Amino acid sequence: MPELPEVETVRSGLAPVLAGATVTGVEVLEPRSLKRHPGDITDFKNQLVGRQILAVVRRGKFLWLPLAAEGTPIALVGHLGMSGQMLLRTPDFAPDKLTRVIISARSLSGESVEFRFVDQRIFGSLAIDLLVPTMDAGPGGFAPESNAAFDARSQQWSNLIPQSAAHIARDPLDDNFSSRTVIERLRKKNTGIKRALLDQGLLSGVGNIYADEALWRSRLHYDQQASSLSKAKAGELLESVTEILRSAVLAGGTSFDEQYKNVNGESGYFEVSLNAYGMTGRPCPRCGTPIKRDSWANRGSHFCPLCQKLR
DNA sequence: ATGGACACCTGTGGGC
DNA sequence: TGCCCACAGGTGTCCA
C-alpha cells in the first residue's frame, strides 16, 4: 500500500529516534518477513545486535538504516510491501496486532525503544544488505571505505544504495533527481504512460494511488503511449507527480483503512485530496462525469472518461 | 523491450 | 450466521 509519501512519513518519524541508536535485541515472530535476508534468523540477529544505526534513508518506497560496521558498509533494508508498518513504541506499550519483527534499541538520549515491524500480508520484508555506490552518484559522490566515514547528519547517503535495490531509480523528491533525463527516457518508452510511471527503474516512489492522481491532474488516459507525449506534456505530467507527492508528504500520506499508519500508529490525511483514486462512480471534481474504474494490469485504474480520453 | 499472468499473503466487506 | 468472491498503497519472475 505505501507509496513514497507514506514511506517518507515513516522515515521522518523514525529518524529522530533511531539515528545514533544502538540495537539491543531482535525478536523474529514471523520468519517469512525475513525472506529477502540472505542468511537465517540467527544470522539476522547476529548482524544487528550491538550495532549502531547511523541514519534513516529512503529512495522511492525503499527505506534503509545504515549500520556502523568495519569494512564493508551495510544497512538494515526495509520495504513495506502492501501492508507494512514500522511503529515506534516504548517496551511497555500494548502489543500491536500482526507484529512480525521487534527490534529493541537504546536511543542516543538513553531511552529504550521498540521498533515494531507490523505487516498483514507479509509482502514487506526486513533484511541486512550491502551498501554499494548508486549508478548515478551525484556531484561529489564517492564510495566510502566503510560506514565509519559517515555520520548521521551526512548528506552523502544519497550516493549509496542497498545492493538489492540498485535497480531503483531516484525519486522526484531526491536532490539529484534529473527531470530532464527522466522526460527524455519516458518519451522513448514504447508503452502506456501509467506503466511507465509505475516503472521504478525509470523514476521511483509512484504507486497506484499517485499514478492515478497525477494522470487525472494532467488529463491523461492511463494507456496513452508514453512516446506520444510532447516534451512539454511529459514535463507537465512530471510536475503533477512531484507536486502531488510533495503535498501528500505534507499531509502525512494517504490512509483509508487500518493499513497505513505513521510510526505512532496515526493516519495521514491526504485522502481528502484524492480526485480519482477510489472515487469510482463519484463525480469528477473538474467536470462532474462519474469516475470510472477499469481493470488494468491485475489492479484498478481510476480516471475520468471525459477529461482523460485516449488519443 | 514489453506485457501478461502469476506468485507471494492476510483480512475485510459485499452479496446471497 | 456462514460462504464465496472481489479487492487491497508492491515487487519479482517466468514466458510469450
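These numbers were taken from a predicted model, which means no experiment stands behind them. Convention: sequence-line order gives letters A, B, ...; per-chain numbering from 1.
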Residue closer to the 5' end of DNA chain C, A:Ser295 versus A:Ile168 (nearest nucleotide): A:Ser295
Whether over 12 other heavy atoms sit under 6.0 Å from A:Glu236 CD: yes
A:Phe123-C:dT11 aromatic stacking (under 5.5 Å, under 30°): no
Distance test, side-chain N/O of A:Lys189 to OP1/OP2 of B:dT2, below 4.0 Å: yes
N/O (side chain, A:His167) to phosphate O (OP1/OP2, C:dG12) under 4.0 Å: yes
Between P of B:dA1 and CG of A:Asp199, the distance in whole Å: 11 Å
Distance test, side-chain N/O of A:Arg100 to OP1/OP2 of B:dC9, below 4.0 Å: no
N or O in side chain of A:Arg195 less than 4.0 angstrom from B:dG4 OP1/OP2: yes
Atom-pair distance (CZ on A:Arg121; P on C:dG12), nearest Å: 16 Å
A:Leu198 or A:Gln120, whichever maps to the more 5' nucleotide of DNA chain C: A:Gln120
A:Arg89 atom CZ: more than 12 heavy-atom contacts under 6.0 Å: yes
Along DNA chain B (nearest heavy atom to each residue), the more 5'-positioned of A:Asn298 and A:Gln225: A:Gln225
Side-chain donor-acceptor pair present, A:Asn176, A:Ser158, cut-off under 3.5 Å: yes
Between B:dC9 and C:dC4 - P atom distance, rounded Å: 22 Å
P-based separation of C:dA6 from B:dC6 [nearest Å]: 14 Å
C:dG12 phosphate, OP1 or OP2, under 4.0 Å from A:Arg36 side-chain N/O: yes
Euclidean distance, atom CE of residue A:Met82 to atom P of B:dT12 [Å, nearest integer]: 15 Å
A:Glu3 CD - C:dT11 P separation (whole Å): 9 Å
Whole-Å distance separating the NZ atom of A:Lys188 from the P atom of B:dA1: 13 Å
A:Arg59 to A:Trp64, cation-pi by 6.0 Å centre distance and 45° axis angle: no
CZ (A:Arg282) with more than 12 external heavy atoms under 6.0 Å: no
Neighbour count above 12 (heavy atom, 6.0 Å) for A:Lys35 NZ: yes
Shortest side-chain distance from A:Arg32, nucleotide among B:dC9, C:dA8, B:dT2: B:dC9
Protein-nucleotide distance (A:Lys194, atom NZ; B:dG4, atom P), rounded to Å: 13 Å
Atom-to-atom span, CD1 of A:Ile122 to P of B:dG11 - whole angstrom: 8 Å
Sugar-phosphate only, base, or nothing, as touched by A:Leu98 at under 4.0 Å among non-hydrogen atoms: sugar-phosphate
Nearest-nucleotide pick for A:Gln200, side chain only, options being B:dT2, B:dG11, C:dT11: C:dT11
G-U wobble or Watson-Crick pairing nucleotide for B:dG11 (cut-off 3.5 Å, both distances): C:dC7
Distance test, side-chain N/O of A:Lys61 to OP1/OP2 of C:dT11, below 4.0 Å: yes
Separation of atom CD1 in A:Ile209 from atom P in C:dA8, rounded to whole Å: 11 Å
